[in-house]
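Below is one structure; the comments refer to it alone.
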Amino acid sequence: QKAELPTEPCVVNLGNGRLLGLARTENGGDSLAGPFQLTSLDNGVTWKKSRTNIRDIQISSPSLIYDAKTGLVHNYYYERGRHVVKCRVAKADDVFDRPFDWPAPRAVLIGDEKRPHDAGNVNAVEMNGRHYLTYYSGTDRNTTVYVAEVAPGL
């Protein structure tokens with residue numbers, strides 16, 4: 001079933017064979033269908049797939065940044081239909097085995113799309129202690145790719 005296939009995953013390496021990922025779900029139009037959490041204890045040889053408590057997302061892809069010094073994982077995503085780039089920050093150890101323990105998000109950027117699918121898909125990278133995000137937003141005929149610098153934090 002299409003609704004059970006994790007798509008467009010983003011995975012971070014936590015070390016010692018542990019991988020943590022989130023993947024988009026293709027439950028079209030169901031804003032309550034949160035992303036899947038993917039975990040591996042053996043460097044990706046085997047995987048466990050779980051639902052999460054993340055519900056403020058509509059067919060949008062996650063982007064993760066892991067900070068090994070603090071143990072924090074930053075989950076950036078675009079809430080389509082509400083025009084908001086959001087971030088959830090958690091201790092990786094707190095959510096690895098507990099996919100329903102992701103904390104509440106904070107809004108970090110605003111989009112301007114007319115229709116939900118005219119925006120989304122945040123890509124995040126870390127550079128010199130700062131996070132840089134790209135995402136697109138606009139209309140079916142005039143869309144802009146945005147680049148923004150965000151200070152990581154809770």
Side-chain angles (χ1 to χ4, degrees), residues 1-14 19-40 44 47 49-70 72-92 94-96 99-154:
Q1 275 188 348
K2 186 177 176 182
E4 290 300 313
L5 295 174
T7 59
E8 299 182 4
C10 186
V11 177
V12 292
N13 187 338
L14 306 179
L19 303 176
L20 171 66
L22 289 174
R24 165 180 165 158
T25 181
E26 297 297 329
N27 285 4
D30 182 358
S31 63
L32 297 180
F36 292 109
Q37 180 166 301
L38 309 170
T39 55
S40 176
W47 290 92
K49 177 184 80 169
S50 307
R51 293 281 179 183
T52 67
N53 65 325
I54 301 168
R55 296 289 183 261
D56 56 339
I57 193 168
Q58 184 181 6
I59 312 174
S60 192
S61 302
S63 190
L64 302 176
I65 295 177
Y66 175 62
D67 182 340
K69 292 177 193 163
T70 63
L72 294 176
V73 61
H74 293 76
N75 170 18
Y76 290 99
Y77 57 96
Y78 193 96
E79 185 179 0
R80 288 179 163 155
R82 297 220 183 232
H83 318 285
V84 182
V85 176
K86 293 183 174 180
C87 183
R88 291 177 187 247
V89 182
K91 284 274 193 188
D94 291 347
V95 295
F96 189 84
F100 286 94
D101 285 357
W102 281 93
R106 67 181 169 105
V108 293
L109 299 165
I110 302 294
D112 62 354
E113 78 273 13
K114 300 251 188 254
R115 301 174 309 167
H117 286 86
D118 290 335
N121 293 1
V122 175
N123 286 292
V125 297
E126 184 277 332
M127 188 169 58
N128 297 324
R130 306 289 288 178
H131 293 176
Y132 295 89
L133 313 180
T134 60
Y135 65 100
Y136 67 94
S137 186
T139 69
D140 59 339
R141 297 180 187 262
N142 187 14
T143 297
T144 301
V145 174
Y146 294 92
V147 179
E149 179 182 4
V150 176
L154 296 172

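This chain uses plain numbering: 1 for the first residue, then up along the sequence.
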**OP:** Kindly determine whether Val150 and Arg130 satisfy side-chain contact (heavy atoms from CB on, under 4.5 Å), including the steps that lead there.
**Re:** CA-CA 6 Å; Val150 176; Arg130 306 289 288 178; over 6 Å; no
With heavy-atom distances below 4.5 Å as the criterion, would you say the side chains of [X] and [Y] are in contact?
X: Thr52; Y: Pro99; value: yes
X: Asn75; Y: Ile54; value: yes
X: Ile110; Y: Val85; value: no
X: Glu4; Y: Phe36; value: yes
X: Pro35; Y: Ile57; value: yes
X: Thr25; Y: Arg51; value: yes

**OP:** Supply the atom-to-atom distance Leu64 CG to His74 NE2, rounded to the nearest 0.5 angstrom.
**Re:** 11.0 Å
Subject >> CG on Leu14 to CG on Leu19, rounded to 0.5 Å >> reply: 7.0 Å
**OP:** Please test Asp56 against Lys86 for salt bridge (charged side-chain N to carboxylate O under 4.0 Å, His left out), starting from the C-alpha separation and ending with a verdict.
**Re:** CA-CA 9 Å; Asp56 56 339; Lys86 293 183 174 180; 2.9 Å; yes
Is the backbone N or O of [Y] less than 3.5 Å from a side-chain atom of [X], with the two atoms forming a donor-acceptor pair by type?
X: Arg106; Y: Cys87; answer: no
X: Thr139; Y: Arg141; answer: yes
X: Gln37; Y: Phe96; answer: yes
X: Asn123; Y: Thr134; answer: no

Where do [X] and [Y] come nearest, in terms of heavy atoms and distance?
X: Tyr136; Y: Arg80; value: OH-NH2, 2.9 Å
X: Glu126; Y: Asn128; value: OE2-N, 3.3 Å
X: Ala124; Y: Ile65; value: CB-CD1, 3.7 Å
X: Pro62; Y: Leu22; value: CG-O, 3.4 Å
X: Arg88; Y: Pro103; value: NH1-O, 2.8 Å
X: Val122; Y: Ser63; value: O-CB, 3.3 Å

**OP:** Tell me, with the steps shown, if Asn121 and Glu8 meet side-chain contact (heavy atoms from CB on, under 4.5 Å).
**Re:** CA-CA 10 Å; Asn121 293 1; Glu8 299 182 4; 3.8 Å; yes
**OP:** Considering only NZ, NE, NH1 and NH2 on the basic side and carboxylate oxygens on the acidic side, decide whether Arg55 and Glu79 come within less than 4.0 Å.
**Re:**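 Salt bridge absent between Arg55 and Glu79.
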**OP:** Measure the acute angle between the ring planes of His131 and Tyr76, then classify it against the limits of 30° and 60° as parallel, tilted or perpendicular.
**Re:**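 Because their plane-to-plane angle is over 60°, the rings of His131 and Tyr76 count as perpendicular.
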Original post:
Hey, mind stepping through Tyr77 and Arg24 against side-chain contact (heavy atoms from CB on, under 4.5 Å) and telling me if it holds?
Top reply: CA-CA 10 Å; Tyr77 57 96; Arg24 165 180 165 158; over 6 Å; no
Subject >> Stepwise side-chain contact (heavy atoms from CB on, under 4.5 Å) check, Asp101 with Asp94 >> reply: CA-CA 7 Å; Asp101 285 357; Asp94 291 347; 5.8 Å; no
